[in-house]
Amino acid sequence: MNYFHTLRERIRVELALLAEAGALPKGLEFGGIAVDPPRESNHGDVATNAALVLAKPAGMAPQKIAALLAEPMGAHADTERAEVAGPGFLNLTFRDSFWHKRLAEALAARDDFGRIRDGGGGRVNVEYVSANPTGPMHVGHARGAVFGDALASVLTFAGADVTSEFFINDAGAQVEALARSTHLRYRQALGHEIGEIPAGMYPGDYLVPVGQQLAATYGKTYENAPEAEWRDAFGDAAVAAMMREIRGDLDALGVRHDVFTSESELVAAGKVDDTLSTLRGKGLIYEGVLEPPKGKEPEDWEPREQTLFRSTDFGDDIDRPVRKSDGSWTYFATDTAYHADKIARGFDTLINVWGADHGGYIKRMRAVVEALSGGEVALDVQLCQLVRLMRRGQPVKMSKRAGEFVTLRDVTDEVGKDVVRFIMLTRRNDAPLDFDFATVTEQSRDNPVFYVQYAHARCRSVLRNAATELPALDLSPAALADADLGCLTHPDEIALIKSLAGWPRVVEAAAEAHEPHRIAFYLRELAACFHTLWTRGKEDATLRFLIPGDEARTAARLALVSGCASGLAVGLRIIGVTPAEELR
RNA sequence: GCGCCCGUAGCUCAGUGGAUCAGAGCAGCGGACUUCUAAUCCGCAGGUCGGAGGUUCGAGUCCUCCCGGGCGCGCCA
């Protein structure tokens, strides 16, 4: 369905025929041949670099090869023009009939338009959010959540076998701090005056109900008990409560993970020891002393012997510690075990979605995955830059220390999940993003969510009107696909079909590059093509979609509208945004 | 000091495996409506793609260095 592939095949066939006929040398490699849309639209619909790629191995001038190829390509019934351009590009321009076929394909495929069935892609694990279970999610998490969810979705659509996953960091010092903070709230619930929340504890109000619940469960049992007696139980209870909160927040965003993996369970199951033994067996774990960091030496630096992973063997800057001085594992060690677990589960590709502050962590993680999988498993880390919350152009101040920050739920409740999801994909993930409450709720061209949804709503509105005004017309997809699409000849009609026909290529590129934002950008383009055509009908009544008395033309135009609506809906669903039937 | 990311129009950003004459929106200017066929559209104007080298038939795109911004840098996750 990606017509660029079809054309590349056709070009290879013609080149092979030319070689057989003796016009080209035999045995040429066609691997580097690409078919792309030219940058300039007046250069035609597609361009191929075939002649430039083959010039050197064939020992011929590129223009000569292009001219040879232009003959058979230009003779094809779909081709309007085949022109040799520049240093040896072959530009092809198609007849309308070519585009009518693409629309027919889109209509026939409906919700599966652009889906890649035999795309392979293997088994892919996408790990995202993995927010610490020590409090509710904030807006920064939303970006990773939306990005990861949309990525998993587009990969699935592109034929990969995808598992989406959340790693629960429910082990280590932060959970102990959480347990202590919860104990404080428990005492508070029992009537104690707790005063200021001490530094190092979580001050947020969200632990108050957890404390109350524990007071109801345990009464005064642990009121003055030593920490060792209540720490595990309180930690577990708090983590469970926080995870319920986080899942609720994610649910409100329409984000769902297939698998939740618990760090503490990995530790308890001895997975960390197992993994480090494996690495030790490969000679990659040793006791050693690290050099102090250059330039910015911490005050309290002193040389210390540590258990280290030899990540420098795999391109990291220094070897990385796996054990703290109290004997417990570092986070890196448990994360290593987690990745070993993912590898053992048979994934071909691991994708991790992290905040930008984890950039320094990438090299060691790649090192571990390479070491554990023998280079068989690919690890791609996608970093999401910060989100700046804005209100009327002014940044919203947030103080995490004071426990005062805008939670994800606050934002979702205020503007809706569709807005949050779309806006998070209006920038590349590695570029910072401003999220302005005023803009994103506005109903105007400034607001891309609205713009795209409005295009879809307009399509649906036309189809609804058609059903009432022309009840005799069969609006079923099958019937519309059989309409005489040859009626569609206006440049803006063809432009809309071209945009729609480009969708399979967008899916493929977004999946391959792990860049779901491309879908959001594409949808804006498709919506723009539709809005343009719609307005044509205002200026010229003969260009309206519904032409009374001309059923053939009306059916063809409704087919186009239906295809467009379908394309918008498919794309919106992949990024998790509801295709609105109407906007009021 | 080192590592990673970024630098494209006044502003916010796209630019798909390097490929023919650099794109969009906003803001600005000029046009098209009694609102699900104007919450929209059309036109005009706006850039030595941070700088300098290098590779190449060809560089916004790849390599090196420099300048500027962000993030990070041994027992935090």
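Order of the sequence lines sets the chain letters (A, B, ...), proteins ahead of strands, with each chain counted from 1.
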task = Quickly work out the Glu176(A) CD to C76(B) P distance and round it to whole Å.
result = 11 Å
query = Rounded to whole angstrom units, what separation is found between the NE2 atom of His490(A) and the P atom of U37(B)?
reply = 19 Å
inquiry  = As a test of reading the structure: which of G74(B), A19(B), C41(B) is closest to the side chain of Asn49(A), going by heavy atoms?
reply    = A19(B)
inquiry  = Closest approach to the side chain of Pro37(A), judged atom by atom: which nucleotide of U37(B), U16(B), G74(B) is it?
reply    = U16(B)
request  = Round to the nearest Å and state the distance from Arg544(A) atom CZ to U37(B) atom C1'.
outcome  = 6 Å
Same-atom distance (C1') from G72(B) to G47(B), integer angstrom = 34 Å
ask   = When you compare G7(B) with A52(B), how far apart are their C1' atoms, in angstrom units rounded to a whole number?
value = 16 Å
ask   = Any side-chain N or O of Thr330(A) under 4.0 Å from OP1/OP2 of G74(B)?
value = no
task = Please work out if Phe332(A) contacts a base, only the sugar-phosphate, or nothing of the nucleic acid, heavy-atom cut-off 4.0 Å.
result = nothing
inquiry  = In whole Å, measure the gap between the P atoms of A24(B) and A45(B) for me.
reply    = 12 Å
task = Under 4.0 Å between any heavy atoms, over every strand shown, what does Ile318(A) touch: base, sugar-phosphate, or nothing? Just pick one.
result = nothing
request  = Would you check if there is a donor-acceptor pair between the side chains of Glu582(A) and Ser461(A) at a distance under 3.5 Å?
outcome  = no
inquiry  = Between the base of U37(B) and the ring of Phe545(A) - centre-to-centre under 5.5 Å, planes within under 30° - is that a stack?
reply    = no
key: Base U20(B) paired with Asn91(A) side chain (donor-acceptor, <3.5 Å)   = yes
query = In whole Å, what separates the P atom of A27(B) from that of U64(B)?
reply = 41 Å
inquiry  = What's the gap between C11(B) and G58(B) when it is taken at their P atoms, as a whole Å value?
reply    = 33 Å
query = His517(A) side chain N/O closer than 4.0 Å to the phosphate oxygens (OP1, OP2) of G15(B)?
reply = yes
ask   = In terms of the angle between their ring planes, are Trp354(A) and His358(A) parallel, tilted or perpendicular, with boundaries placed at 30° and 60°?
value = tilted
task = Output the single nucleotide from A19(B), U20(B), G15(B) whose closest atom is nearest the side chain of Ala47(A).
result = U20(B)
task = Taking atom types as modelled, find out whether Tyr331(A) and Asn169(A) have a side-chain donor-acceptor pair closer than 3.5 angstrom.
result = yes
request  = Please measure how far the P atom in G15(B) lies from the corresponding atom in A9(B), and state the result in whole Å.
outcome  = 15 Å
inquiry  = Check Lys342(A) with Glu165(A), please: is the shortest side-chain N to carboxylate O separation under 4.0 Å?
reply    = no
ask   = Picking from A14(B), G15(B), A19(B), which would you name as closest to the side chain of Phe521(A)?
value = A14(B)
query = Side-chain N or O of Arg428(A) less than 4.0 angstrom from OP1 or OP2 on A14(B)?
reply = yes
query = In the structure shown, which nucleotide is the Watson-Crick or G-U wobble counterpart of G58(B), with both distances under 3.5 Å?
reply = none
note = Under a 3.5 Å limit on both distances, the Watson-Crick or wobble mate of A32(B) is U40(B)
request  = Sort out the partner of G47(B) for me: Watson-Crick or G-U wobble, both distances under 3.5 Å, none otherwise.
outcome  = none
ask   = Between Glu581(A) and Pro432(A), which is nearer to the 5' end of RNA chain B once each is assigned its nearest nucleotide?
value = Pro432(A)
request  = Begin with the C-alpha distance, continue with both residues' side-chain angles, and end with the deciding distance and a verdict on side-chain contact (heavy atoms from CB on, under 4.5 Å) for Glu265(A) and Lys271(A).
outcome  = CA-CA 9 Å; Glu265(A) 282 174 25; Lys271(A) 293 286 182 70; over 6 Å; no
key: Of the listed nucleotides U16(B), A77(B), C5(B), the one nearest the side chain of Glu263(A)   = A77(B)
query = Does Phe435(A) have Arg388(A) sitting over its ring (NZ/CZ under 6.0 Å from centre, angle to axis within 45°)?
reply = no
note = Regarding the side chain of Ala509(A), the nearest nucleotide among U12(B), A77(B), U16(B) is U16(B)
inquiry  = From the set C5(B), C57(B), G3(B), return the single nucleotide nearest to any side-chain atom of Lys56(A).
reply    = C57(B)
ask   = Rounding to a whole Å, what distance do you find between Phe530(A):CZ and U37(B):P?
value = 10 Å
remark   = Here the distance between atom P of G3(B) and atom CH2 of Trp354(A), to the nearest Å, is 19 Å
ask   = Taking CZ from Arg320(A) and C1' from G74(B), how many angstroms apart are they, rounded to a whole number?
value = 9 Å
key: Between C1' of A77(B) and OH of Tyr331(A), the distance in whole Å   = 6 Å
ask   = Which comes earlier along RNA chain B counting from the 5' end, the contact point of Asn169(A) or that of Leu290(A), where each point is its nearest nucleotide?
value = Leu290(A)
inquiry  = For a quick check of understanding: with a heavy-atom distance under 4.0 Å over all strands, which category does Gly172(A) fall into, base, sugar-phosphate or nothing?
reply    = nothing
message = Can you tell me whether the side chain of Arg505(A) and the base of U16(B) have a donor-acceptor pair closer than 3.5 Å?
response = yes
key: Gap in Å between the two P atoms, one belonging to G60(B) and one to G51(B), rounded   = 11 Å
message = Among U12(B), A77(B), C6(B), which nucleotide has an atom closest to any side-chain atom of Arg427(A)?
response = U12(B)
ask   = Is there a donor-acceptor contact under 3.5 Å linking the side chains of Asn132(A) and Thr134(A)?
value = no
ask   = Within the structure shown, what part of the strands sits under 4.0 Å from Ala356(A) by heavy-atom distance: base, sugar-phosphate, or nothing?
value = sugar-phosphate
inquiry  = Starting the side chain at C-beta, find the nucleotide from U40(B), G72(B), A14(B) nearest to His531(A).
reply    = U40(B)
query = If we call it a pair only when both distances are under 3.5 Å in a Watson-Crick or G-U wobble match, what pairs with G18(B)?
reply = none
message = Salt bridge check, Asp540(A) against Arg536(A): does any charged N sit closer than 4.0 Å to a carboxylate O?
response = no
inquiry  = Ignoring hydrogens and geometry beyond distance, is a side-chain donor-acceptor pair present between His5(A) and Arg505(A) at under 3.5 Å?
reply    = no
key: Contact under 4.0 Å: Tyr454(A) side-chain N or O vs U37(B) OP1/OP2   = no
key: Nucleotide paired to G25(B) in any strand shown, Watson-Crick or G-U, under 3.5 Å   = C11(B)
remark   = As its Watson-Crick or G-U partner within any shown strand, both distances under 3.5 Å, C2(B) has G72(B)
ask   = Of the candidate nucleotides A19(B), C5(B), C41(B), which contains the atom at the shortest distance from the side chain of Leu52(A)?
value = A19(B)
request  = Round to the nearest Å and state the distance from Leu526(A) atom CG to A24(B) atom P.
outcome  = 18 Å
key: Distance between P atoms of C73(B) and U40(B) (Å, rounded)   = 45 Å
